[in-house]
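Take a look at the structure set out below.
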There are 2 protein chains.
Amino acid sequence: MNAEVKPLDRAEAEEYASWFKALADATRIQIVSLLARRREPMTVGEIVSVSGVGQSTVSHHLKILAEVRFVLVERQGTSSLYRINEACVSCFPTAADVVMGKPVPASPACDRTGDRDGT
Amino acid sequence: MNAEVKPLDRAEAEEYASWFKALADATRIQIVSLLARRREPMTVGEIVSVSGVGQSTVSHHLKILAEVRFVLVERQGTSSLYRINEACVSCFPTAADVVMGKPVPASPACDRTGDRDGT
DNA sequence: AAGATCTATCGACTATCGTCGATTATCGAT
DNA sequence: ATCGATAATCGACGATAGTCGATAGATCTT
């Protein structure tokens, strides 16, 4: 056998892939970095006004970012308030470390504290 | 105006997007993590035997990873030796930090030392 | 209730992606 | 020169993605 060192488990690789896929678009990166710099929520309209793309497109991107929990949503009146998921601020760079082979301690990489699902 | 905090420059966002796009696939993540754990080069055949996909597919993925300099190539005989780009091991998690809003010092995030292009 | 505002969804279009099988190219050995 | 082994490229296919305009849904105001 030649595989004395094996790659990541397929399941783990697929989870990380879903994270990277969510950021595999310049517009979504701008949205995430914007929400991360502002620690406070932003409405869709505010994001639209700085994103350079249409409202439906921004809504679509926000949905993708929310599906992987990079951002969290909260409705307030007619607006939807989007904010960064603080848990991902720390867990995502750790995922990048793991992919790049850095041995990561047994600490929970992403416990998603403060995350709630609205099923 | 409402945009007192602006997102990343479009150019920077697009560069990061190209990096994340290169890892937006579970197979490529497995290849990168494999090469990162082994610090030594691997041939395409070795990677094929642990990747679960065909040879042409692996070659295609390696090309994508090489285009963004995550991996480096060197021909030896009939084989191609692929190895991780050590520069990206440190610069890529830093990019993840930047996207997540962490203020990064003025150090060069990715100087790609040890990288040479074969144009 | 009616209107106004904000956001989500739908349908469509084009472009790109991941995978495969088959072929071609490169290199070493006979 | 020929053969064998390895890797890269080609062509094709279905699937997915990014964008837009238009429409529908939700919520406040009057």
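Residue Leu65(A) contributes atom CG, which lies 12 Å from atom P of dA8(C) at whole-angstrom precision. Here the P atom of nucleotide dA15(D) and the CG atom of Asp25(B) are 17 Å apart, to the nearest Å. Here dT6(D) presents its C1' atom at 15 Å from CE of Met42(B), a figure rounded to the nearest Å. Spacing between atom CD of Glu67(B) and atom P of dT9(D) amounts to 10 Å, rounded to whole angstrom units. Taking atom CD1 on Ile64(A) and atom P on dT9(C), their separation rounds to 12 Å, with Å as the unit. One can place CG of Leu62(A) at 12 Å from P of dT19(D), the figure rounded to the nearest angstrom. In this structure, Lys63(B) places its NZ atom 14 Å from C1' of dC17(C), rounding to the nearest Å. When rounded to the nearest whole Å, the span between CZ of Arg28(B) and P of dT19(C) equals 8 Å.
Within the structure, the salt bridge (charged side-chain N to carboxylate O under 4.0 Å, His left out) test picks out no pair touching residues 50-65 of chain A (sequence neighbours left out).
When each of dT19(C), dT7(C), dC20(D) is scored by its nearest atom to the side-chain atoms of Arg10(A), the top-ranked nucleotide is dT19(C). Listed nucleotides: dT7(C), dG18(C), dC20(D). Nearest to the side chain of His60(B): dG18(C). Closest to the side chain of Tyr82(B), out of dT19(D), dG18(D), dA8(D), is dA8(D). Here the side chain of Lys21(B) is nearest to one of dT6(D), dC17(C), dA8(D), namely dC17(C).
For the pair Ser59(B) (side chain) and Gln55(B) (backbone), a donor-acceptor distance under 3.5 Å is absent. When atom types are taken as modelled, the side chain of Arg28(B) and the backbone of Ile64(B) share no donor-acceptor pair closer than 3.5 angstrom.
Comparing Val53(B) and Ser79(A) by the nucleotide of DNA chain C whose heavy atom lies nearest to each, the residue mapping closer to the 5' end is Ser79(A). Residue whose closest nucleotide on DNA chain D sits further toward the 5' end, between Thr27(A) and Gln76(A): Thr27(A).
Phosphate contact (OP1/OP2 of dA8(D), side-chain N/O of Ser59(B), threshold under 4.0 Å): present.
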Worksheet item: Nucleotide by nucleotide, 5' to 3', does protein get under 4.0 Å of the base (B), only the sugar-phosphate (S), or neither (-) in nucleotides 22-30 of chain C, counting heavy atoms?
Response: B----B---
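Backbone-only engagement by Ser80(B) is indicated by non-hydrogen atom pairs under 4.0 Å involving sugar-phosphate atoms exclusively. Contacts of His61(B) with the nucleic acid, taken as non-hydrogen atoms under 4.0 Å apart, involve only primed sugar atoms and P, OP1 or OP2.
Shown here are the salt bridge (Lys or Arg N to Asp or Glu O under 4.0 Å) partners of Asp97(B), two or more places apart in sequence or in another chain: Lys102(B). The side-chain contact (heavy atoms from CB on, under 4.5 Å) check on Ser80(A) picks up Val44(A), Val73(A), Arg75(A), Tyr82(A), with sequence neighbours excluded. The side-chain contact (heavy atoms from CB on, under 4.5 Å) search around Val53(B) returns Thr27(B), Ser51(B), Thr57(B), Val58(B), not counting sequence neighbours. The salt bridge (Lys or Arg N to Asp or Glu O under 4.0 Å) test applied to Arg10(A) returns Glu14(A), not counting sequence neighbours.
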